[in-house]
Amino acid sequence: MEAFRIVGGRPVTGECRVSGAKNAVLPLLAAGLLCGGEVRLEHCPRLMDIKNMLLILKALGCRAEQEGDSILLDARNADKHVMPRELSKQMRSSIFMLGPVLARFGEAEFTYPGGCEIGLRPIDLHLSALRAMGAQVREEQGRILCSGSLKGAQIHLDYPSVGATETILMAAVTAKGDTVLHNAAREPEIRDLARFLNRCGADVRGAGEGAIYVRGGASLHGCSYTPLTDRIVAGTLLLAAPMTGGDVFVRGARAEDMQAVLHKLEQTGCRLSVEKEGVRVRAAGRPKAVRRVETNPHPSFPTDMQAQMMALLAVAEGTSLVLENVFENRFAHAGELNRMGADIEISGRIAIVRGVRRLFGQRVASRDLRGGAALVLAGLAAESETLVDHIGYIDRGYERLEEMLSQMGADIRRVETEE
Ligand code: UD1
């Protein structure tokens with residue numbers, strides 16, 4: 001089993017570069033199934049979730065390859081509508097394929113998707129939107145069977161789900177007639193998907209706002225596209241600065257996509273500079289607690305940065321309150337942080353984080369992707385040696401995290417351990 005061995009206490013100082021966001025690339029790959037020409041995506045990270053998505057596309061009959069940081073997708077010969085059971089079980093993002101497969105073949109067959117263990121992650125919003133667009137949806141022993149030709153519709157989402165918004169956009173662009181989506185998710189990755197679809201010949205307006213308008217009936221061609229950079233990877237690396245008394249510049253970070261995180265970092269007392277090429281964060285003494293960090297859909301504080309922020313607040317001066325409103329079970333990292341000497345009390349969706357002066361090295365385990373990244377940050381700040389187990393979770397969202405950090409002075413290595 002692989003683990004990260006971290007010797008803490010060294011300031012993380014230097015520059016690194018972020019590539020395309022996993023959460024942008026995955027829906028773009030799914031949307032590629034709708035394109036009648038080659039799609040080329042540049043600056044893509046090499047991650048297990050992306051590799052699995054390419055395997056799914058191949059199983060459907062596409063040509064789908066990643067060479068270095070470029071992905072080439074050609075869906076012209078795709079001819080299958082049944083998703084491979086094992087792959088869709090492993091990856092929640094396989095749900096992204098539902099809209100495009102149904103739109104393209106008039107039928108789709110899926111296994112209930114899995115993914116990170118962060119609480120129940122239902123797909124009812126995806127399914128009810130597809131029903132509203134004319135699909136028949138049946139669920140049978142963990143399989144989801146959809147059929148029907150899609151028509152544009154007026155859809156109101158009960159909750160601005162990122163995935164459901166993406167499913168609807170992908171289903172709507174080639175459907176017959178127009179679609180209006182109310183209470184859509186406003187994450188930057190939604191804007192990116194719409195930009196990509198429009199580049200391929202679709203007509204999507206309003207993405208990034210609460211209401212999105214799609215003119216249906218488009219016939220999509222291919223294109224070359226550079227996905228949005230990863231605001232969560234960027235945010236994680238920036239947090240390494242205040243955690244270790246360092247100074248980090250993340251080239252490619254887009255401040256406009258990270259306002260809520262940068263705002264909180266400012267409240268902890270770090271020095272921020274937003275430059276054309278990226279964002280820089282410098283520590284200024286011990287970080288200060290913040291009154292409240294509350295996760296909510298964009299543009300509020302992202303749930304995908306909650307764990308990393310908690311690691312920072314764990315060593316801040318004073319007490320902070322963290323509220324997790326997006327997922328019901330996303331505090332698994334708190335117990336591990338406490339084993340390193342943190343003082344975090346959980347009550348339902350609320351965490352009370354009483355900052356401590358120092359954390360101590362410990363053997364801890366990742367339970368999910370972002371929680372794992374939080375433990376790495378804690379290890380960088382801790383006294384003595386930390387071993388973070390189950391880093392497979394971390395590898396799902398961070399490409400060679402240890403290399404980026406060690407280039408900036410951290411003492412972190414990937415090692416083999418016994419169970
Ligand atoms: C996406 C991101 C994930 C991020 C999340 C919230 C990708 C690949 N993943 O996940 O990293 O943490 O947005 O920003 O882009 N829900 C329902 N029914 C549904 C769909 C969602 O109840 O049909 C609930 C979920 O259980 C969750 C909340 O809505 O509590 C948010 O989920 P959603 O926005 O859909 O997240 P994902 O698209 O899965």
Side-chain angles (χ1 to χ4, degrees), residues 20-31 44-45 47-50 52-53 56 88 90-99 110 112-132 137 139 144 146 155-171 181 183-193 196 227-228 230-233 235-236 257-258 260-261 294-309 323-333 349 368-374 393-394 396-398:
K22 166 179 87 80
N23 288 354
V25 174
L26 291 171
L28 297 187
L29 287 174
C44 297
L47 296 171
M48 193 49 86
D49 276 7
I50 290 180
N52 285 339
M53 195 66 153
I56 291 177
S88 53
Q90 263 171 37
M91 254 180 84
R92 174 161 172 96
S93 316
S94 57
I95 186 70
F96 289 134
M97 298 301 302
L98 186 55
F110 274 73
Y112 228 85
C116 254
E117 295 295 327
I118 51 173
L120 274 179
R121 297 182 82 174
I123 55 168
D124 54 314
L125 298 171
H126 300 247
L127 299 184
S128 61
L130 292 173
R131 282 196 180 101
V137 180
E139 294 176 58
I144 302 162
C146 301
I155 300 171
H156 182 97
L157 281 177
D158 285 338
Y159 182 87
S161 151
V162 176
T165 300
E166 290 166 340
T167 291
I168 295 163
L169 290 193
M170 293 188 278
L181 173 58
N183 199 28
R186 294 186 284 165
E187 269 67 4
E189 292 75 17
I190 304 289
R191 251 188 289 118
D192 204 48
L193 173 62
F196 169 81
L228 193 72
D230 200 314
R231 62 196 165 101
I232 307 299
V233 172
T236 305
D257 295 340
M258 313 171 59
V261 171
E294 187 166 354
T295 71
N296 269 314
H298 192 78
S300 292
F301 194 93
T303 175
D304 286 352
M305 283 298 296
Q306 176 260 109
Q308 303 89 314
M309 191 69 196
L323 277 89
E324 173 56 58
N325 292 319
V326 179
F327 290 105
E328 73 271 28
N329 181 17
R330 206 174 191 180
F331 281 147
H333 44 279
R349 289 179 179 236
D368 60 65
L369 161 56
R370 308 301 170 186
Y393 283 118
I394 302 176
R396 290 178 78 152
Y398 297 85

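Computed from heavy atoms alone, side chains included, the values below leave out hydrogens, waters and symmetry copies. Predicted, not measured: the structure shown is a model, and the values here were computed from it. Both counts, for ligands and for their atoms, begin at 1 and track the order of listing.
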Participant: Does some non-hydrogen atom of R330 fall short of 4.0 Å from ligand 1?
Facilitator: yes
Participant: List every atom of ligand 1 that sits less than 4.0 Å from any heavy atom of F96, numbering the atoms from 1 in the order shown and giving each element.
Facilitator: 8 (C)
Participant: Hey, does I144 have a side-chain heavy atom less than 4.5 Å from the side chain of I123?
Facilitator: yes
Participant: Give the atoms of ligand 1, by number and element, whose distance to some non-hydrogen atom of H126 is under 4.0 Å.
Facilitator: 23 (O)
Participant: Against heavy atoms of G163, which atoms of ligand 1 measure under 4.0 Å?
Facilitator: 35 (O), 38 (O)
Participant: Which bit of L125 gets closer than 4.0 Å to ligand 1, counting heavy atoms only: side chain, backbone, both or neither?
Facilitator: both
Participant: Any side-chain heavy atom of F301 sitting closer than 4.5 Å to one from V261?
Facilitator: yes
Participant: May I ask you to list the atoms of ligand 1 that are less than 4.0 angstrom from any heavy atom of T303?
Facilitator: 6 (C), 12 (O), 14 (O)
Participant: Evaluate F327 for polar contact with ligand 1, using N/O atom pairs at a separation under 3.5 Å.
Facilitator: no
Participant: Check each heavy atom of L127 against ligand 1 and say whether those closer than 4.0 Å belong to the side chain, the backbone, both or neither.
Facilitator: neither
Participant: Would D304 and R330 pass as an ion pair if we require N to O under 4.0 Å?
Facilitator: yes
Participant: Are E166 and E189 packed together at the side-chain level, in the sense that at least one heavy-atom pair is separated by less than 4.5 angstrom?
Facilitator: yes
Participant: Quick one, R231 with E187, criterion side chain to side chain contact (heavy atoms under 4.5 Å, CB included). Give me CA distance, side-chain angles, the key distance, then yes/no.
Facilitator: CA-CA 11 Å; R231 62 196 165 101; E187 269 67 4; 3.5 Å; yes
Participant: Give me the one residue out of L47, I95, L193, I50 that meets side chain to side chain contact (heavy atoms under 4.5 Å, CB included) with L26.
Facilitator: I50
Participant: Do I232 and M305 have side chains that get closer than 4.5 Å, going by heavy atoms?
Facilitator: yes
Participant: Do ligand 1 and P122 have nitrogen or oxygen atoms that lie under 3.5 Å from each other?
Facilitator: yes
Participant: Does one side chain, of Q306 or H333, offer a donor that lies under 3.5 Å from an acceptor on the other?
Facilitator: yes
Participant: Between R191 and D257, does any NZ, NE, NH1 or NH2 come within less than 4.0 Å of an OD or OE carboxylate oxygen?
Facilitator: yes
Participant: Any idea which part of D304 is under 4.0 Å from ligand 1, heavy-atom wise: side chain, backbone, both or neither?
Facilitator: side chain
Participant: Between T167 and L125, is the side chain to side chain contact (heavy atoms under 4.5 Å, CB included) condition met? List the steps.
Facilitator: CA-CA 10 Å; T167 291; L125 298 171; over 6 Å; no
Participant: Between E328 and ligand 1, is there a nitrogen or oxygen pair with a distance under 3.5 Å?
Facilitator: no
Participant: Quick check: does V326 get an N/O under 3.5 Å from an N/O on ligand 1?
Facilitator: yes
Participant: Answer yes or no: does an N/O atom from A164 fall short of 3.5 Å to an N/O atom of ligand 1?
Facilitator: no
Participant: Measure the spacing between CG of N325 and OG1 of T303 and express it to the nearest 0.5 Å.
Facilitator: 9.0 Å
Participant: Which of the numbered atoms in ligand 1 are under 4.0 angstrom from any heavy atom belonging to Y159?
Facilitator: 28 (C), 29 (O), 31 (C)
Participant: Just to check, does E189 reach to within less than 4.0 Å of ligand 1 when the distance is taken from its heavy atoms?
Facilitator: no
Participant: May I ask you to check whether L26 has an N/O atom sitting below 3.5 Å from an N/O atom of ligand 1?
Facilitator: no
Participant: Examine E166 against ligand 1 and note whether any of their N/O atoms are separated by less than 3.5 Å.
Facilitator: no
